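The structure appears right after this line, and notes come after that.
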Amino acid sequence: MAAATLSLAAFAATAAYADETLIVGFSQIGSESGWRAAETKVAKSEAEKRGIDLKISDAQQKQENQIKAIRAFAAQGVSAIFIAPVVATGWDSVLREVKDTNIPVFLLDRDIETSDKSLYVAAVTSDTVLEGRMIGDYLTKLTNGKCAIVELQGTVGSSPAINRKKGFEEAIASHPDMKIIRSQSGDFTRSGGKQVMESFIKAENGGKSICAVYAHNDDMAIGAIQAIKEAGLKPGKDILVVSIDGVPDIFKAMAAGEANGTVELSPNMAGPAYDALIALKKSGTTPPKWIQTPSTLFTPDTAEAEYQKRKDLY
Ligand code: AHR
């Protein structure tokens with residue numbers, strides 16, 4: 001009798017979940033890069049696959065817009081809030097408000113700095129320090145440990161900009177002839193990468209004293225390639241180009257001999273977060289705090305084939 005009562009209760013809980021359409025409010029950063037656009041696209045298609053109602057708010061790169069969107073989603077009583085945090089700090093107070101409503105929060109692709117990890121359920125991100133280390137190791141091998149590097153950093157204060165710098169510096173630390181000679185933010189955009197690279201070229205003997213450019217994302221690398229060409233130099237040869245993301249355009253550039261390596265960042269951040277949310281709602285399963293996505297190095301030898309695989313996905 002007791003068992004029958006229990007299974008009835010379990011059935012009722014599952015049925016209640018089955019009846020509920022999950023509504024996810026996603027505070028997206030904006031559309032600064034090809035990778036970001038792909039992440040948004042994949043978030044929509046993965047939501048559709050699972051019958052989730054996805055509401056996206058575009059913050060136009062501004063944390064204040066994200067905070068407004070998060071408050072609005074909480075007021076609407078959505079089933080969960082996903083946040084791709086533009087910068088790492090300044091989230092505690094809004095997340096405390098959300099916690100009081102019991103709405104679960106998931107972080108996508110970027111981390112936050114907080115002393116209270118209970119403010120979010122899980123973060124779905126890559127290991128961004130590892131990405132910097134992987135591309136730094138690769139460039140060190142490619143140049144036999146001797147290279148004057150210019151660095152295009154991502155958005156100031158964002159976790160991937162902080163960590164990709166750190167990982168790269170760790171990789172070159174024991175190679176005294178691997179030196180970052182200039183470093184500035186290009187804000188993860190193509191135009192930012194081009195503009196900053198132009199100023200680096202001007203300051204460095206028309207680009208002749210630069211061995212390589214390390215860009216924290218592919219879009220800035222593509223902007224830099226343009227700047228290198230306009231300066232009359234050959235990207236991928238006169239100045240080596242390495243970056244992170246793995247968007248189709250960088251594979252195209254590698255296949256054309258104009259870029260030398262990238263570390264792929266999966267655009268599917270939402271899928272694992274939806275699955276964790278469903279498990280949480282369905283059976284109360286708490287996901288791991290960090291759901292790590294893979295990081296894979298790609299080089300010019302496989303670029304054409306990899307481009308063909310990705311070109312219609314983005
Ligand atoms: O947070 C991930 C980074 O943000 C991607 O590398 C970059 O392209 C994007 O804008």
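Side chains are part of it too, since the values below use all heavy atoms of this structure and drop only hydrogens, waters and symmetry mates. Atoms within a ligand are numbered from 1 in the order they appear, just like the ligands themselves. Please read these numbers as outputs of a predicted model, since none were measured by experiment.
Judged by the 6.0 Å distance and 45° axis criteria, Arg310 is positioned over the aromatic ring of Phe298. For the pair Lys55 and Phe82, the cation-pi criterion (under 6.0 Å, within 45° of the ring axis) is not fulfilled.
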Put together the list of close N/O pairs, under 3.5 Å, between ligand 1 and the protein, could you?
unit_1, atom_1, unit_2, atom_2, d
ligand 1, 1 (O), Arg36, NH2, 3.4
ligand 1, 1 (O), Asp109, OD1, 2.6
ligand 1, 1 (O), Arg110, NE, 2.9
ligand 1, 4 (O), Arg36, NH2, 3.0
ligand 1, 4 (O), Arg110, NH2, 2.9
ligand 1, 6 (O), Arg164, NH1, 2.8
ligand 1, 6 (O), Arg164, NH2, 3.3
ligand 1, 6 (O), Asp245, OD1, 2.5
ligand 1, 8 (O), Ser33, OG, 3.0
ligand 1, 8 (O), Asn217, ND2, 2.9
ligand 1, 8 (O), Asp245, OD2, 2.6
ligand 1, 10 (O), Glu32, OE2, 2.3
ligand 1, 10 (O), Ser33, OG, 3.2

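Note on Glu48 versus Lys44: no salt bridge recorded, every NZ/NE/NH1/NH2 to OD/OE distance being 4.0 Å or above.
The distance from atom CD1 of Ile291 to atom CG of Leu108, rounded to the nearest 0.5 Å, is 9.5 Å.
Counting heavy atoms of neighbouring residues, nucleotides and ligands inside a 6.0 Å radius, atom NZ of Lys311 exceeds 12 of them.
In this structure, Asp245 contributes its side chain and Leu265 its backbone to no donor-acceptor pair below 3.5 Å.
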